[in-house]
There are 2 protein chains.
Amino acid sequence: MKYNAVTIKDVAKALGVSTSTVSRALRDSHEISPETKELVLECAKRLNYTPNPIALSLKEKKSRSVGVIVPEVANGFFSQVINGIESLAFDKGYDVIISQSLESYEREIRSVQFLASRSVDGLIISLAAETANLEHLQQLHARGLPIVFIDRITDEINTHRVIVDNFRGTYDATEHLIQSGARRIAVIAATEFLSTTRERVAGYREALQANGIKELPELVHYCFYGGIEFAEIEEIVNKLFTLRQKPDAILTTSDKLTTGVLKTLKRRGIKVPQDVALAGFSNTDIPELIDPPLTLIRQPAREMGAAAIDLLLQMVNSKRRGERV
Amino acid sequence: MKYNAVTIKDVAKALGVSTSTVSRALRDSHEISPETKELVLECAKRLNYTPNPIALSLKEKKSRSVGVIVPEVANGFFSQVINGIESLAFDKGYDVIISQSLESYEREIRSVQFLASRSVDGLIISLAAETANLEHLQQLHARGLPIVFIDRITDEINTHRVIVDNFRGTYDATEHLIQSGARRIAVIAATEFLSTTRERVAGYREALQANGIKELPELVHYCFYGGIEFAEIEEIVNKLFTLRQKPDAILTTSDKLTTGVLKTLKRRGIKVPQDVALAGFSNTDIPELIDPPLTLIRQPAREMGAAAIDLLLQMVNSKRRGERV
DNA sequence: TTGTATGCGTTATCAG
DNA sequence: CTGATAACGCATACAA
């Protein structure tokens with residue numbers, strides 16, 4: 001709701017001129033005399049006039065707002081991404097509307113449609129773990145909605161993506177574990193649906209191979225809701241440590257997974273790195289505080305967010321002064 | 001922008017009826033025949049009609065969106081708060097527009113005005129550390145904008161607030177430190193401007209007094225940008241540990257302060273709790289992972305967020321069917 | 001029950 | 001240079 005009752009009409013009435021004149025003065029049109037302009041501007045300020053963005057949106061068919069859908073806000077990585085997005089968007093005068101998929105496909109669909117129906121000018125999204133079907137986004141994309149994927153991307157839609165070198169991250173981390181003497185390296189990853197998972201696991205595999213180590217199926221674990229439900233991680237760790245031949249290292253492919261595994265190991269009294277070495281993705285402060293330091297893979301989350309919104313606004317603006325959708 | 005060109009007019013034209021008829025059918029008005037309603041609904045679905053929320057907002061003078069301003073998104077506590085807000089708001093069909101003050105007064109003013117000008121129906125805010133003057137919010141409040149304060153509140157505006165018992169938190173934590181043998185308990189707090197700081201430091205003081213311990217000025221430190229700038233925390237810790245009589249315990253009054261102090265201690269090789277005991281607020285996973293466990297004070301951030309949005313929407317709705325502002 | 005006209009705040013297109 | 005008018009998409013008071 002507008003808490004500034006004063007409209008362009010009010011200042012027009014106050015000055016005894018027409019609304020068009022006021023509009024022109026405000027928009028700094030060239031077709032207006034300096035005196036009237038001055039007059040209008042003064043009056044507008046005095047009356048504390050502020051333009052109504054809703055009316056503007058209706059007229060211009062754009063809302064100067066962007067939608068952001070992440071799996072979960074309360075997550076080190078994603079909250080940093082949002083930080084980057086918001087900072088830059090704010091400077092450019094764009095609203096940032098946040099929605100969470102909570103890793104649920106159904107929730108993601110609803111979020112996407114909700115935001116689309118709210119007329120966002122563009123969308124930044126990191127896919128939910130459950131999402132395997134991209135129709136809901138393909139539709140919008142086909143209709144011309146600018147979309148940028150971040151971190152968890154898809155090949156099925158041809159648009160900008162912002163990612164880090166996931167393959168490289170796990171490749172290097174795995175190799176580091178091997179250099180440190182590990183041979184039985186387990187990996188705990190998120191859903192295979194996720195692009196990040198696939199790339200990261202591929203890096204792990206390649207590193208093993210490059211070092212002549214055979215991959216053992218019993219050491220590779222995927223978890224669906226590892227980011228949300230802690231129990232799943234616990235179960236996997238338990239399984240790993242009841243193997244006849246226990247792993248001598250664990251690689252984790254996400255923030256929450258890393259934290260979850262650390263927690264579980266601590267509860268079970270398994271020491272890192274004495275009993276098992278650990279490496280993985282993390283954007284929290286945790287690794288810095290743990291003794292001894294872990295091999296961790298960080299993502300420049302804030303910068304990724306900034307890059308995403310930057311790309312998005314470029315698309316939004318090129319579309320504005322361009323072709324019909 | 002709307003990616004659904006089809007409007008109420010299109011379906012009216014397609015059916016050869018008037019827009020009002022369509023509107024009525026869609027709004028399930030009683031003044032319409034079941035047959036035409038059926039017809040319209042079918043056609044609307046077929047044409048994939050979705051209402052334009054912007055036009056609706058313009059007409060009804062409400063946007064079904066709420067603004068949220070927090071000091072920083074990438075912060076355990078606040079991101080959990082946002083999680084709670086978003087979850088509930090989404091279910092009720094409200095947009096959540098996020099903005100960060102980054103602890104800056106000037107930025108907070110701009111955020112507030114930005115959101116207000118974007119016609120949010122209500123505002124949830126946690127004040128910036130710098131904010132001492134509340135005019136920017138008083139104005140909006142006077143004009144009738146529903147506001148709910150969360151965590152960092154103010155007495156100067158009479159509206160709903162969502163907080164935990166801050167006094168109690170530090171009182172208990174301090175007492176626990178004392179029970180464990182600490183006598184020279186330092187406190188590292190955020191700005192005194194913040195309600196949370198005042199209440200938390202008060203709890204500390206009261207606990208000292210109740211246990212017959214004299215407060216030592218050299219052990220009480222406030223930091224302005226502790227949440228954002230790490231260097232400040234480091235400096236305070238350094239100062240504390242170059243005192244002739246070093247502290248035997250430290251109490252921290254926020255998430256970032258707790259993490260920051262832990263980091264600094266680790267870098268300086270000061271062991272917890274052997275060299276110094278530690279207690280404080282934290283909503284991260286860190287304390288659970290550290291050995292030995294710290295005395296920590298947790299806030300039910302998600303629930304606080306949910307409570308805030310619940311209160312806010314109540315205000316928004318009572319205002320809707322009520323008095324003019 | 002349905003259609004017509006009006007207005008929400010703004011800008012663009014015409015006349016004057 | 002300025003004023004009147006239409007239009008954006010929708011809901012509604014009023015007329016039929």
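Keep in mind that the numbers below use all heavy atoms, side chains included, and drop hydrogens, waters and symmetry copies. Lettering of chains follows the sequences in order, A, B, ..., and the numbering in each one begins at 1.
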Hey, could you give me each pair passing salt bridge (Lys or Arg N to Asp or Glu O under 4.0 Å) that has a residue in residues 39-49 of chain A? Not counting sequence neighbours. A:Glu42-A:Arg46

For B:His136, all residues meeting ring-ring contact (aromatic ring centres under 6.0 Å, His included), sequence neighbours excluded: B:Tyr105

The complete set of salt bridge (Lys or Arg N to Asp or Glu O under 4.0 Å) pairs with one or both residues in residues 13-22 of chain B, sequence neighbours excluded, reads none

Which is true for B:Thr36 with a 4.0 Å heavy-atom rule: it touches a base, it touches only sugar-phosphate, or it touches nothing? sugar-phosphate

State which residues pass side chain to side chain contact (heavy atoms under 4.5 Å, CB included) with B:Ser111; sequence neighbours excluded, sorted by chain then number. A:Phe90, B:Ile69, B:Ser99, B:Arg107

Sequence-aligned protein contact record of nucleotides 8-16 of chain D, with B where the base is within under 4.0 Å of a protein heavy atom and S where only the sugar-phosphate is: BBBBBB---

Non-neighbouring partners of A:Ala306 that pass side chain to side chain contact (heavy atoms under 4.5 Å, CB included), sequence neighbours left out: A:Leu88

What donor-acceptor contacts under 3.5 angstrom involve side-chain atoms of residues 155-162 of chain B, with partners at least two apart or in another chain?
residue	atom	partner	partner atom	Å
B:Thr159	OG1	B:Ile147	O	2.5
B:Arg161	NH1	B:Thr154	O	2.6
B:Arg161	NH1	B:Ile157	O	3.1

Exercise: do A:Ser23 and A:Ser20 side chains pair donor with acceptor under 3.5 Å: no

With sequence neighbours excluded, what pairs up with A:Glu106 under the side chain to side chain contact (heavy atoms under 4.5 Å, CB included) test? A:Ser104, A:Arg110

Which nucleotide of DNA chain C is the first, and which the last, in the 5' to 3' direction, to come under 4.0 Å of a heavy atom belonging to chain B? C:dT1 to C:dG9

Contact list for residues 307-317 of chain A, test salt bridge (Lys or Arg N to Asp or Glu O under 4.0 Å), sequence neighbours left out: none

Could you work out, with side chain to side chain contact (heavy atoms under 4.5 Å, CB included) as the rule, every residue matching A:Ala89, not counting sequence neighbours? A:Tyr94, A:Val96, A:Ile309

Considering the terminal five base pairs at each end of the helix from C:dT1-D:dA16 to C:dG16-D:dC1, what angle separates the two local helix axes, rounded to 10°? 60°

